[in-house]
Amino acid sequence: MLAFNLIGFSHFNHRYSYIEGNRLLVAFADLLKRHFSGDACGHFTKDNFYAYTAHDHLEERLKDILKESRQINEGRNLAIRIGVYDAGSLVYEDIKKVCEYAMVACNNNRKDVKAHITYFTSQNRQSLELENYILSNFDQALREDWIEPFYQPIVRILNGQSGNWEALARWRKPDNGMLLDEQLIPTLDRAGILYRLDLYMADKVIADLKKMQERGHLELAVSLNLFSSEFDQCNMAEEITRKVKKSGLSPEFIVIEISNDNRNLNADKIREQIALFKQNGFSVWVDNFGERYSSIGLIKDNAPVSCIKFDASFIKDPDQKRSRIVLKKMVELAEELGIDTIVEGVENTDQLLALREIGCAAAQGYYFGQPLPFDQAWKKWVEGPEANLERFSESDYYNSVGMMSLERPHFIQETYNNDLTFDDPDPVLDRYFKGTPLGFLEYRDGKLYYLRGNEGYTRYLLSCGSVTKEEMEEHPFATELKSVGPQFFKDLKGWIAEEYWKNHKTEWHYNVHSYPNNLYVEGYQRILSYNPHTDAYALIDVLTSYNANQVYQDQARDDLGVTANFSLSADQYRDMPLPFIIAAPVYQEKRVVDMQYIYVNQAYAEIMGQSREKLLGNRMSNFVKHKLAFWIKELYGSKDRGIQKGIFHSKAGHWYEYITASASVPDTYSLALINIDEQKRGEREIQRKQATTNEIVQLSEILNVKNTDFETAINQTLAKLGQDLEADRVTLMEIHGDVARSTHSWQRPGVAEFSAKQQAISLAKATVSLSKLDLFNEDSLFLTDPQAIAASFPQLVACYGDDYQLNNSLLAPFYERGELRGLVAVENLNPALNLDFNDLIELTADFVGAKVAGKNLEEQRDTDVLTKLNDRHPYLAKLNFYQKSQTSRTVGVAFMDLNGLKKANDELGHDAGDKMLIAAGNLISQAFGRDYVYRVGGDEFVVLDDQSSRTEFESHCAAFEKALTQPASPSISIGAEWCPDSHYLREAVERADRKMRRQKNDFYKSHKRYR
């Protein structure tokens, strides 16, 4: 027995329409009939099919079906999953169960979106028994409270405290067994009743929150889990909002966690529900982010999501290094978007410390506690010795530290203290410190604690002995720093008093960390925030360089330039991304003739293309030739002039900003390089956009000059575009039917005009080339490969003479009412111009297309000139709209024909015929409303009434037929039809037309036929 299912059929209907979905079902049914007899296969419900067959070569035959299914329905199809129940290897049961077993196998792995075949096993039978137990006892479980929420804390990594619990469903079976939420959800979701469980859980969570409120400890929010498929079953946002309002609780105490598995669902519905939750005051999180095929679409589409929860696989994956790199980049992305991050499945301290180094805001897992019933959770995490609730009033303090990126930091304004302000963006932080060792510290009770930092900062703390790995594991949330000099504490107290409490604006401070091993580390610090509950201050610490005392030995220099010793070992900054050196002058007769590398980090060695070992101790002249005198002047000159800054362009083509200054060891000088390629590219991009905008404005002004005729405006526009782009030719081609005609062109002097045969091109031949280049899916194309152009447009290239070479081509289409109406093409432009060619040609095509459309609009309007009714174009547009629409409406249809028009024209003249048409149009409009009447032919009218009920429409028809009996009324044949589903509106119009023609034939039985 075989079961078949079309993967993603619901989404297919939403995207292409139910009519297209029905066509796909018929096409797949025909495929099954070709492989099995018509009696051996069938369509049961929705997108589920069954078939039975002999076992011979079954696997090969099923693979053939999967392969052929990709060719049906003209290529618009879906992947297929197949379930197989093999009666030869399993016990045969009644046919109903056999079909059920095959479908269970078919649905066994619904997360696999690729075509696949699954065989029913004994494990499937156990799963089916569990599923039957859940579904048959679900109502009783809800009535008798077998299901209850278990709570697990979500812990902020910064302080080890919890401001959120997650509610997880647990089903206590009467036999003392227990079912977990991961066992319940798939079954209830497939049955379409998962929303009932989650609404039940909402009631339970609200009741528990009310208990917290009564006990005076409502300090945390509880997360409710929703699966995105529920939004097609119930308006969950409306229902949960109603329940929370009724309870009197604030929605800030309920967090909505949405499972991110939305591959086969209506994405618009999901975004709509998220927006409703947010509008009603709820925070919305994305759950299981990164699990298998989960989508990033909600984040990309700017859905109002405040947090994403990463799946446990990121920290449990066997390829741990690769997974953590991916997680780090995703966390950086979330931080830049202002979105919090949580990682599930934390089980040990190593995982927790790794997450702190990556920059994750919070974590969840058995390391912090397993899920517990409410009373036990309350005793353990609220009242007991392990109580770890974070006060709401402390959230701003921890957010100011916890939500700042470790790689691209920016300051977050304290919301509880609006008097403290920061520059946004901060010029020092934004320009110099991104990517450097950076950490966040807390000062309280006269001590300094490490809260979080990036990998470079953590390595620095460990290498200098300020903390040990064991201390960090024992105190992972706040590790006390040892060996901090007393001067730093004295300075810090002064900053707090002067800046935080007096001026309400903190500043950056240069400082030096000193350690017992004679290591001095230079850096910058700044106060970030204050916690009034713990009297603690958070500050940021950014390291910039080592003091030289550990790197150099104190030796005298002689006149030959022999300098101090150097060392490679004491260098935890070798991986700092800013190129950095310390150099000493080489003297000859008391004159500086060279510089010697005393300290070199890895970043500098890389831009020089050398190893650090080769550079250290060597002279700069061995590696820097043409700018040696410049660097001697800039480095040694900082001795008298202080810090020097400048910009230079390297031989390799890179731009750098440099800073030189005296180092801490006498007669040594430091150099730091900051790559500003991106800044220079940005400046060039700004210039490019400005030039492009100016060009577009000028072209627009030409097209919109008053009292300029169409031909003049188009020719001047093409000429200016061609001259400014230094092109050979610019062409406007308009499409009429299956032919694209060159209606206007400009060519550079000396370039031959179009040949006669190039004036008109068959679209039937060109469409294949255009489709290959994806022109119909792109706003423009810039082709720069002559061979590719020749292969794609042989018709065009064949029209040119032997002396003309088509090197590049810039194309942009323009449309009218959704249909391709023409192209603007530029040939052999100068690609070195600093212009956005695609943006320029797209907007030019839009402007030219609008001009062409305006000309066409003057020639042909949507309103019939004679009767002032809608003409055929809006009539066809409405038919197409309803055919493609995802929603359906009822429509009243009437097809009418004016009898005797030809006789009147022949005997009384066309003026009389026109009067008859106007009278007919007025009569029809009086009965049905002018907005719904269309003149679709010489004497034919159609009514499409999509606002009236069936009773109202039939009343309109009766009133119209009564009006026809009045003296001097025109004679009109009518056929009326009621269309209950607008997807089939065309068929309804055809039936109304046939009815009208039968009535018209009856009319001509008693009147002479003139047509």
Side-chain angles (χ1 to χ4, degrees), residues 13-14 16-26 45-46 862-864 867-901 917-966 969-1005:
N13 277 336
H14 283 299
Y16 296 113
S17 81
Y18 289 96
I19 293 176
E20 194 63 34
N22 290 338
R23 289 194 183 117
L24 177 58
L25 292 176
V26 171
T45 59
K46 297 181 180 178
D862 285 349
T863 302
D864 179 51
T867 63
K868 308 303 181 186
L869 297 173
N870 299 313
D871 69 4
R872 185 175 183 81
H873 295 94
Y875 161 72
L876 294 175
K878 177 158 283 192
L879 291 181
N880 290 332
F881 169 77
Y882 277 125
Q883 184 176 15
K884 297 177 181 178
S885 176
Q886 295 183 2
T887 59
S888 174
R889 301 191 65 151
T890 59
V891 184
V893 181
F895 207 109
M896 305 175 194
D897 189 285
L898 177 60
N899 298 321
L901 179 63
L917 285 168
I918 293 171
N922 290 336
L923 189 64
I924 298 169
S925 298
Q926 290 172 7
F928 295 96
R930 182 171 293 272
D931 291 341
Y932 311 115
V933 183
Y934 303 82
R935 185 185 177 196
V936 297
D939 54 359
E940 292 180 336
F941 300 84
V942 172
V943 172
L944 299 179
D945 184 354
D946 54 5
Q947 298 297 321
S948 300
S949 65
R950 181 167 189 169
T951 302
E952 291 170 338
F953 177 70
E954 291 173 349
S955 175
H956 298 331
C957 291
F960 177 70
E961 291 177 347
K962 182 177 180 181
L964 292 176
T965 64
Q966 300 299 315
S969 292
S971 174
I972 299 175
S973 298
I974 177 172
E977 184 74 18
W978 180 253
C979 178
D981 184 349
S982 56
H983 290 121
Y984 302 96
L985 183 56
R986 288 183 183 272
E987 292 84 346
V989 171
E990 291 172 0
R991 291 195 298 273
D993 185 17
R994 289 194 292 271
K995 288 182 180 181
M996 179 276 293
R997 297 194 181 282
R998 286 197 294 271
Q999 190 181 105
K1000 192 171 187 70
N1001 288 335
D1002 292 340
F1003 171 80
Y1004 282 114
K1005 289 179 181 178

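In this structure, the separation between CH2 on Trp978 and OG on Ser949 is 6.5 Å, given to the nearest 0.5 Å. Summarising the geometry, atom CG belonging to Asp993 is positioned 12.0 Å from atom CZ belonging to Arg991; distances are rounded to the nearest 0.5 Å. A distance of 12.0 Å separates CG of Leu985 from CZ of Arg889, quoted to the nearest 0.5 Å. In this structure, CG on Leu917 lies 11.0 Å from CG on Asn922, to the nearest 0.5 angstrom. Atom-to-atom distance recorded for Leu898:CG and Lys1000:NZ is 7.0 Å, nearest 0.5 angstrom. To the nearest 0.5 Å, atom CZ of residue Arg950 and atom CG of residue Asp945 are 13.5 Å apart.
With hydrogens and angles disregarded, no donor-acceptor distance shorter than 3.5 Å links the side chain of Ser948 to the backbone of Phe953. For Ser925 (side chain) and Arg930 (main-chain N/O), no donor-acceptor pair under 3.5 Å exists by modelled atom type. Looking only at distances, a side-chain donor or acceptor of Arg935 sits under 3.5 Å from a matching main-chain atom of Gly937. Judged purely by atom type and a 3.5 angstrom limit, Asn870 has no side-chain atom pairing as donor or acceptor with the backbone of Tyr932.
Side-chain contact check for Val936 versus Met896: every heavy-atom pair is 4.5 Å or farther apart. Under the 4.5 Å side-chain criterion, counting only non-hydrogen atoms from C-beta, Ile974 is in contact with Glu961. Side chains of Val26 and Arg23 form no contact here, defined as non-hydrogen atoms less than 4.5 Å apart. When side chains are defined from C-beta on, Asp981 does not count as touching Tyr18, because their heavy atoms never get closer than 4.5 Å. Within the 4.5 Å cutoff, the side chain of Lys995 has no heavy atoms near those of the Phe895 side chain.
Relative orientation of the Tyr875 and Tyr934 rings is tilted, given thresholds of 30° and 60° on the angle between their planes.
Side-chain N/O atoms of Tyr882 and Asp946 include a donor and acceptor closer than 3.5 Å. A side-chain donor from one of Ser973 and Asn899 sits under 3.5 Å from a side-chain acceptor of the other.
Contact between Ala927 and Phe960 at its shortest, heavy atoms only, is CB-CB, 3.7 Å. Contact between Pro980 and Ser888 at its shortest, heavy atoms only, is O-OG, 4.4 Å. Nearest heavy atom pair, residue Asn13 against residue Gly21, reads OD1-CA, 3.3 Å. Contact detail for Gly938 and Leu901: the closest heavy-atom pair is O-CD2, 4.1 Å. Pairing each heavy atom of Pro874 with each of Asp871, the nearest pair is CD-OD1, 2.7 Å.
Look at Glu990 and Arg997 and you find no salt bridge, because none of the NZ, NE, NH1 or NH2 atoms lies under 4.0 Å from a carboxylate O.
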Ser17 and Lys884: CA distance, side-chain angles, deciding distance, side chain to side chain contact (heavy atoms under 4.5 Å, CB included) verdict:
CA-CA 6 Å; Ser17 81; Lys884 297 177 181 178; 5.8 Å; no

Please evaluate residues Val891 and Glu977 with respect to the criterion side chain to side chain contact (heavy atoms under 4.5 Å, CB included), reporting the C-alpha separation (whole Å), side-chain torsions for both, the decisive distance (0.1 Å), and the verdict.
CA-CA 9 Å; Val891 184; Glu977 184 74 18; over 6 Å; no

